[in-house]
Amino acid sequence: MQKISEYTDQLKLLLYVIFMYLEMDTGIVKILFYLMIMDTFLGVTKTIVLNNHFTFKKLAVGFVSKLAVLLIPTALALMSKGLNYNFNWFVTVVMDLLIVSDGISIISNIIAIKTKKEVENFDAMTLILKSIRNRLIMLFKKLLITIDPKFHVEK
């Protein structure tokens, strides 16, 4: 148990160093992480209450996919550093949107648990990811035009 605690502390320290280097607000990252844990717990509870099929494999895949969401703002911050361009505002907006998305999911899970009926969930995450992708493609095209004004962007 002592070893696990040491590794956990080292992992936390590593993550803090990474987020500080990338100039990401660690407070927002913590809030997002806690919301993800709450959403996962409530999702499991909803699955049990609604008598849906539950497996630990689904739980693990769901939790890992939620943690992978944290890679989105991290990747944006890394791109910002690599391009020597200030994306900090964009990283913050993306994290705020991820927080809102998890909040909506938590509320949907609570409603489903309370009413014992499945609630149609708004898939904000997919819309956010598509929007980020489209914005980055537009930025990349602008960079290409800046480098070579003769470059024609296909629509």
Side-chain angles (χ1 to χ4, degrees), residues 8-47 50 52 55-113 117-155:
T8 304
D9 290 341
Q10 291 173 352
L11 180 63
K12 277 186 201 176
L13 181 62
L14 175 67
L15 289 174
Y16 273 112
V17 168
I18 290 170
F19 291 138
M20 287 171 44
Y21 170 73
L22 295 175
E23 299 174 21
M24 294 172 66
D25 186 347
T26 55
I28 293 176
V29 174
K30 274 186 189 176
I31 290 169
L32 182 57
F33 181 72
Y34 294 144
L35 285 171
M36 289 176 173
I37 290 173
M38 284 175 53
D39 188 35
T40 301
F41 173 76
L42 287 170
V44 168
T45 305
K46 177 185 85 169
T47 299
L50 297 179
N52 293 341
T55 64
F56 283 101
K57 181 180 178 183
K58 264 191 202 177
L59 174 65
V61 168
F63 194 69
V64 168
S65 70
K66 282 204 166 286
L67 287 178
V69 167
L70 285 174
L71 294 176
I72 297 166
T74 306
L76 290 171
L78 276 170
M79 289 184 337
S80 174
K81 286 279 188 191
L83 296 173
N84 200 19
Y85 191 75
N86 188 355
F87 276 0
N88 289 348
W89 63 271
F90 191 54
V91 172
T92 302
V93 167
V94 168
M95 290 180 58
D96 291 346
L97 290 172
L98 293 173
I99 287 171
V100 170
S101 176
D102 261 318
I104 291 169
S105 182
I106 288 169
I107 292 168
S108 297
N109 286 335
I110 291 171
I111 292 170
I113 291 167
K117 294 180 185 172
E118 191 68 52
V119 175
E120 184 179 338
N121 205 354
F122 173 67
D123 189 11
M125 190 61 64
T126 302
L127 292 175
I128 292 168
L129 293 175
K130 285 181 180 178
S131 176
I132 292 168
R133 181 182 176 275
N134 291 338
R135 298 276 185 238
L136 289 173
I137 288 171
M138 286 184 342
L139 176 67
F140 185 67
K141 288 178 180 179
K142 285 180 185 177
L143 286 172
L144 287 176
I145 290 171
T146 302
I147 293 168
D148 183 7
K150 295 178 185 173
F151 180 77
H152 296 288
V153 180
E154 298 173 14
K155 294 191 180 199

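Quick note: residue numbers are just sequence positions, from 1.
For the pair E118/N52, a side-chain contact is recorded, criterion being any heavy-atom separation below 4.5 Å from C-beta on. The shortest side-chain heavy-atom distance between L136 and M79 falls under the 4.5 Å cut-off. For the pair K81 and Y21, the minimum side-chain heavy-atom distance is below 4.5 Å. The side-chain heavy atoms of V94 and I72, taken from C-beta on, include a pair separated by under 4.5 Å. Looking only at side-chain heavy atoms (C-beta outward), D25 and T92 stay at 4.5 Å or farther from each other. Considering only heavy atoms from C-beta on, L98 comes within 4.5 Å of P73 through its side chain.
Not a single donor-acceptor pair under 3.5 Å links the side chain of S108 to the backbone N or O of V119. A donor-acceptor pair is defined here as one N or O able to donate and one able to accept, closer than 3.5 Å; such a pair exists between the side chain of N134 and the backbone of K130.
Around atom CE of M138, more than 12 heavy atoms belonging to other residues, nucleotides or ligands sit under 6.0 Å away. Environment of NZ in K30: sparse, with no more than 12 heavy atoms of neighbouring residues, nucleotides or ligands closer than 6.0 Å.
Here the shortest heavy-atom pairing between A77 and L22 reads CB-CB, 3.7 Å.
To the nearest 0.5 angstrom, L50 atom CG is 10.5 Å from T45 atom OG1. Summarising the geometry, atom OG1 belonging to T74 is positioned 4.0 Å from atom CE belonging to M24; distances are rounded to the nearest 0.5 Å. For the atom pair CG (D96) and CG (L32), the distance works out to 9.5 Å, reported to the nearest 0.5 Å. In this structure, the separation between CG on L139 and OG1 on T146 is 9.0 Å, given to the nearest 0.5 Å. How far CD1 of I106 is from CG of L35: 4.5 Å, rounded to the nearest 0.5 Å. Annotation: the span from T47 atom OG1 to L59 atom CG amounts to 9.0 Å, rounded to 0.5 Å.
Looking only at atom types and distance, the side chain of S105 has a donor-acceptor partner in the side chain of D39 under 3.5 Å away.
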